[in-house]
**Q** 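What follows is a structure written as structure tokens; I'll ask about it next.
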Amino acid sequence: MSSTSRLAGRRRFLFRLLPGTALLAAAPAGADWWERGREALGSLTGGDNGSALSQDERIDALREALSIATRNATGELARHNGFWGNPEVRIPLPGLVQSTRDTLDRFGAAGPVDDLHERMNRAAEDAAPQARELFLDAIEDLTLDEAREIIQGPDDAATRHFETRMSDPLAARMEPVIDEALRESGAISAYNDLLAEVEDIPFVADIAFDPVDHVLGYAMSGLFDTLAKEEAALRADPVGRGTELLERVFGGGE
């Protein structure tokens, strides 16, 4: 069964627990995943339904919340300017390339480097959606012990669990997308042209680097950092960001 089908099944499970589904049905079509999940999970705490939830049902609610956080994080980075327009995750130029760029800028010749810089970040934006299904599968596969460790752990416990478990498969999934995006955007050609242009300039150091590896490393780092912020926001304000149920879950209550 695909992760999409499994998540759809979980949503149906949550809806069956609701005293009524009018709230969710009334949500506007444009409501984001977090808002829709907040409303659905929030209804679980009303009346006797919330107090009657079993341990497994609470874990299901945790999985649903983490799934929503994943969609938010990957969606934020995949949009236009998700990387390029966000200084916190923007992929930098390698140190020597940045120094060369600053030198060339004195002569008004930094345009090709700036173009390469932007194209690298656009490639990361193209690759971000590839992480979504991997995260959702990992959330679905959480064991009871792993879920307990996450609930009782620090603000980024889930993120670091996924980082340890998923870094290798995530890199394997994102690398070909980044490589294709860099080639289709002209970034690889721009990089090769830049190497040729600066090769004979005496005051410019060797600026050769692997654009694919560089973008991949920073794209993954940005993805995990963004997910960690979503997770921390959930823990800091589980009622505002989620529900009273999640407040009890993250507070270590039964």
**Q** Is a side-chain donor or acceptor of Glu125 paired with a backbone partner of Ala78 at a separation under 3.5 angstrom?
**A** no

**Q** So if you build clusters from Ile, Leu, Val, Met, Phe, Trp, Tyr with side-chain heavy-atom gaps below 4.5 Å, do Val89 and Trp84 land together?
**A** no

**Q** Does Glu175 reach the side chain of Asp213, with side-chain heavy atoms less than 4.5 Å apart?
**A** yes

**Q** The criterion is ring pair (Phe, Tyr, Trp, His ring centres under 6.0 Å); which residues satisfy it with His161, sequence neighbours excluded?
**A** none

**Q** State the CD1-CG distance between Ile139 and Leu134, to the nearest 0.5 angstrom.
**A** 11.0 Å

**Q** Quick one: do Arg165 and Glu146 satisfy side-chain contact (heavy atoms from CB on, under 4.5 Å)? Show the steps, please.
**A** CA-CA 12 Å; Arg165 176 175 176 174; Glu146 289 171 337; 4.2 Å; yes

**Q** Answer yes or no: is there a donor N or O on one side and an acceptor on the other, between the side chain of Arg101 and the main chain of Asp114, under 3.5 Å?
**A** no

**Q** Answer yes or no: is there a side-chain heavy-atom contact under 4.5 Å between Asp193 and Pro112?
**A** no

**Q** Is there a donor-acceptor pair under 3.5 Å between the side chain of His214 and the backbone N or O of Leu93?
**A** no

**Q** Do the side-chain N and O atoms of Asp102 and Gln98 include a donor-acceptor pair separated by under 3.5 angstrom?
**A** yes

**Q** Is there side-chain contact between Leu182 and Val212, with at least one heavy-atom pair below 4.5 Å?
**A** yes

**Q** May I ask you to decide if Phe209's main-chain N or O and Tyr191's side chain share a donor-acceptor pair within less than 3.5 Å?
**A** yes

**Q** Is the distance between the ring centroids of Phe83 and Tyr218 less than 6.0 Å?
**A** no

**Q** Looking at side-chain heavy atoms only, is the closest gap between Leu66 and Leu142 below 4.5 Å?
**A** yes

**Q** Under 4.0 Å between a side-chain nitrogen and a carboxylate oxygen: does that hold for Arg183 and Asp179?
**A** yes

**Q** Can you tell me if Asn121 uses its side chain to pair, donor with acceptor, with the backbone of Ile91 under 3.5 Å?
**A** yes

**Q** Does any part of the side chain of Arg160, heavy atoms only, come nearer than 4.5 Å to the side chain of Glu231, both counted from C-beta?
**A** no

**Q** For a quick check under 3.5 Å, do Asn81 and Arg122 share a side-chain donor-acceptor pair by atom type?
**A** yes

**Q** Side-chain contact, heavy-atom cut-off 4.5 Å: Leu227 with Leu223?
**A** no

**Q** Do Met220 and Val177 belong together in a cluster built from hydrophobic side chains that touch within less than 4.5 Å?
**A** no

**Q** Does any non-hydrogen side-chain atom of Ser167 lie less than 4.5 Å from one of Phe224?
**A** yes

**Q** Within the distance-only criterion (no hydrogens, no angle test), does the side chain of Thr74 pair as donor or acceptor with the backbone N or O of Thr70 below 3.5 angstrom?
**A** yes

